[in-house]
S.K.: 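One structure follows; several queries about it will come next.
Chain identifiers are assigned alphabetically (A, B, ...) following the order of the sequence lines, protein sequences preceding nucleic acid strands; residue numbering begins at 1 within each chain. The analysis underlying the following values was restricted to heavy atoms, covering all of them including side chains, and did not include hydrogens, waters or symmetry mates.
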Amino acid sequence: MLKLFDMKTLAAPKCSVLLLESLKEVENYFLGVDSKNPLAFDYETTGLAYDAIPLGLSLCQVTSDTSVFIPYNYFFTKGLESEGIAKLCNKYFKGKKLIAHNAKYDSMIGLMNGFSDSSMEIYADTLVMVHLYDSSLDKNLEQRVFQDFKYRKQSFSEICGKKWNKIDWDKEGDSLLEMLAGYSGEDTFWTCRLYQKYSIMLDEQLWKIHDKIELPNIKILRDAKIRGVLMDIPLLKQMGRQLDSYLEKIESDIYSEAGCVFNLNSPKQKQEVFFQKMKLPIVTTTGKGSPSTDSGTFDTWAEQGIRVGELLSEYSTLNKLNSGYVRAIPELVDNKNVLRGDINSCGTDTGRCSSSNPNLQNQPNSDQFPVRKAFIPRAGYVFINRDYSQLELRILAELSRDKNLLDVFKQGGDPHSDVAHRLGISRSAAKTVNFGVIYGLGPDNLARKLDISSKEASKIIDHDYVKAYPGVYSWKQRVQQYAKKHYYVRNYFGRIRRLPGVVSGSNYEYFSALRKAVNTTIQGTGADIVKLATVKTVESLRKNGLDAHFLLQVHDELLFEVREDQAILAEQIIINGMETAVKFSIPLLTDGKIILNWSEMKDSDIVSVPYRFSYVLSGLI
DNA sequence: GCGTCACGCCT
DNA sequence: CCCGGGCGTGACGCC
């Protein structure tokens, strides 16, 4: 499984760069490339967006200390035509062992500039390799090169520290080109060095995750970004106008109640007004120990009949929604109202994906604020949305082999009710206990959550639950012992999370590491199941020739856009792909439906949104 | 301009 | 101070 390279021909860590000035020179370079050894490629572009303009493409063989740079003709007078470059690369990339540092990005730029998917088969991604080896390492190429090889690479901003539209290309073009070639050539050269270093640091299990889970998943995330999701911008604008008018009214009423005007978004000013001037009671404190002005505090005040509490709670919720989502999203769509967020496969320590620009994984999902209603399929398409039911508890059952927990799922029962029944507590309390088992909730926090004494909480955790599910308890013990022995844990697929905290002198770090050991094993197994399910499902949709497109994932949920008339078949394929992603002794089940927007809401539009705020409904506006 | 805090949205 | 894992906003302090 190890990807070997020829040790005898290892290049010395010193790089020279050749500027290729004609397609003939490019072709000659390719003719000299040995297909047996990895070939690094790296784009330089005008930005990070999917439609960034390529400035040039650098290539370097892992066995060579010379990289080449192919300039594009958008700016450089010596640059080559995009079509010509694509034609040659489509021919000569085939059969090569392509490597890149963040192949999701470079292959996206390639796809957008005439490279075919089939010619860009990625052999290894050094960013993924670093992440799989140790997720806590800096993954940035500059940082990695410095930390691994003590070499100070030029940073991109040093080369091109100015706005592209401000460059006088006639005057500066040639010198810029030389600097860019040098910079880019170094990138591929050091990508090769990283490949060599990390290829021998990954074991068979990690390589398998890289090959079978990460690389195929990355292609899907790349394609999803290129496609993007259509947004109902008029709906968001309308919501925004309504929120503005609500906020304006609430704000002035708060100032009246407080008897002064201040910045409602400044925790510091709020503290002054509420605690020093108005002498309102402190409910909780922040991490730093100062009195908190969060929405929980406001709600407590409201319960105590302090009117400003209700107003403040309304303000903070509405303002969050407005500034964080309703106002932010229209700034990010293209001229066709298509949103292209990033989903990053190497963004977390557990193996989950993260998302940004915008974060597609924290879009509000409440009945009151249907921001997800603004995520809509294109004309002629529908959304198919499916999420795993109790994925993490099923994983806990499977990994721990606890008989009682396994039986719940074998018999199609409800794990929360089972806990409630066995522990003699309410279903809602049982749900909290189940979350606590997965997250490593301690007695004090459970007590606070359930509003019971620490002693009662201790009894639930250390006695009642252990007695009801002894296999879960002993499995957790084994996972923590393993972590203490190896300084890392592995999930079901062998993905590693390093936990140096298990030998920390600090009590908090130590117990935190033990909680992470348990949580990462479960959460990370879930993450890899979802990634596998994505790969399997997308592959199956493609094989069936369906006009169906993966759009995004939210940890245990997948969203697809499918041509209307193919929705029923596509849904069956998606269900099958997700539910058979991994073979467990208990079934993995999914819920979901075919929908016309991403909201869970079934009726009503923004005009009649049933805002829960009595203030708003009381006719004061 | 950049990092940190406090806060709050998701799972 | 802290139950796991994220990201974005606004304020504020530092440079």
Side-chain angles (χ1 to χ4, degrees), chain A residues 135 157 161 262-271 284-298 312-313 315-329 331-332 341-366 368-369 371-372 387-392 396 432-450 457 461 489 497 499 501 506-527 530 552-557 598 600:
Chain A
S135 63
S157 57
F262 56 101
N263 186 344
L264 273 168
N265 297 318
S266 164
K268 203 180 155 190
Q269 290 184 38
K270 281 190 281 189
Q271 275 173 31
T284 55
T285 52
T286 67
K288 213 185 101 197
S290 54
S292 180
T293 56
D294 61 9
S295 71
T297 301
F298 302 150
L312 288 165
S313 182
Y315 178 87
S316 76
T317 305
L318 292 174
N319 188 54
K320 170 76 176 179
L321 179 77
N322 200 27
S323 63
Y325 305 95
V326 173
R327 294 286 169 192
I329 287 174
E331 301 295 316
L332 294 169
D342 254 0
I343 299 179
N344 181 0
S345 204
C346 300
T348 74
D349 291 335
T350 58
R352 271 189 180 179
C353 291
S354 67
S355 170
S356 57
N357 303 307
N359 184 348
L360 298 166
Q361 295 177 322
N362 75 344
Q363 294 302 314
N365 194 21
S366 68
Q368 286 76 29
F369 306 118
V371 170
R372 291 193 186 195
D387 64 280
Y388 284 103
S389 62
Q390 290 124 3
L391 179 60
E392 293 186 337
L396 176 62
T432 304
V433 170
N434 271 334
F435 271 104
V437 171
I438 291 168
Y439 294 158
L441 201 61
D444 288 346
N445 289 301
L446 182 66
R448 213 180 39 196
K449 283 260 184 199
L450 295 182
I461 294 172
V489 288
R497 178 176 187 180
L499 294 165
S506 140
N507 248 359
Y508 176 70
E509 288 301 323
Y510 174 75
F511 287 111
S512 173
L514 294 184
R515 283 196 299 272
K516 286 170 180 170
V518 172
N519 175 254
T520 295
T521 308
I522 300 168
Q523 187 186 115
T525 298
V530 172
L552 57 90
Q553 64 119 294
V554 190
H555 309 314
D556 65 355
E557 164 189 0
W598 195 20
E600 296 300 313

S.K.: Quick check for you: name the first and last nucleotides of DNA chain B, 5' to 3', having an atom under 4.0 Å from a heavy atom of chain A.
M.R.: B:dA6 to B:dT11
S.K.: Would you call A:D387 and A:S389 a side-chain contact if the rule is heavy atoms closer than 4.5 Å?
M.R.: no
S.K.: So what does A:T285 hit on the nucleic acid, given a heavy-atom distance under 4.0 Å: a base, only sugar-phosphate, or nothing?
M.R.: nothing
S.K.: Taking the side chain as everything from C-beta on, heavy atoms only, tell me whether A:N434 gets closer than 4.5 Å to A:Q390.
M.R.: no
S.K.: Send over the distance from A:D444 CG to C:dC1 C1', rounded to a whole Å.
M.R.: 13 Å
S.K.: Testing the 3.5 Å rule here: is there a donor-acceptor pair between the side chains of A:N319 and A:S316?
M.R.: no
S.K.: When you compare C:dC1 with B:dA6, how far apart are their C1' atoms, in angstrom units rounded to a whole number?
M.R.: 13 Å
S.K.: Say whether A:S290 and A:T286, considering side chains only, have a donor N or O and an acceptor N or O under 3.5 Å apart.
M.R.: yes
S.K.: Using purine N1 to pyrimidine N3 plus N6-O4 or O6-N4 for Watson-Crick, or N1-O2 and O6-N3 for G-U wobble, both under 3.5 Å, which nucleotide pairs with C:dC15?
M.R.: none
S.K.: Report yes or no: do A:S135 and A:D349 form a side-chain donor-acceptor pair below 3.5 Å?
M.R.: yes
S.K.: I need a per-nucleotide contact map over nucleotides 5-15 of chain C, read 5' to 3'. Cutoff is protein heavy atoms under 4.0 Å; write B for the base, S for backbone only, - otherwise.
M.R.: BBSBSSSSS--
S.K.: In residues 437-449 of chain A, what donor-acceptor pairs under 3.5 Å come from side-chain atoms, sequence neighbours left out?
M.R.:
from	atom 1	to	atom 2	distance (Å)
A:D444	OD1	A:S454	OG	2.7
A:N445	OD1	A:R448	NH2	3.1

S.K.: Measure the distance from CG on A:L396 to P on C:dG4 and round it to the nearest whole Å.
M.R.: 17 Å
S.K.: Could you go through A:V371 and A:W598, starting from their C-alpha distance and side-chain angles, then the distance that decides it, and tell me whether this counts as side chain to side chain contact (heavy atoms under 4.5 Å, CB included)?
M.R.: CA-CA 9 Å; A:V371 170; A:W598 195 20; over 6 Å; no
S.K.: Decide yes or no for A:K320 and A:P364: does some side-chain heavy atom of the first lie under 4.5 Å from some side-chain heavy atom of the second?
M.R.: no
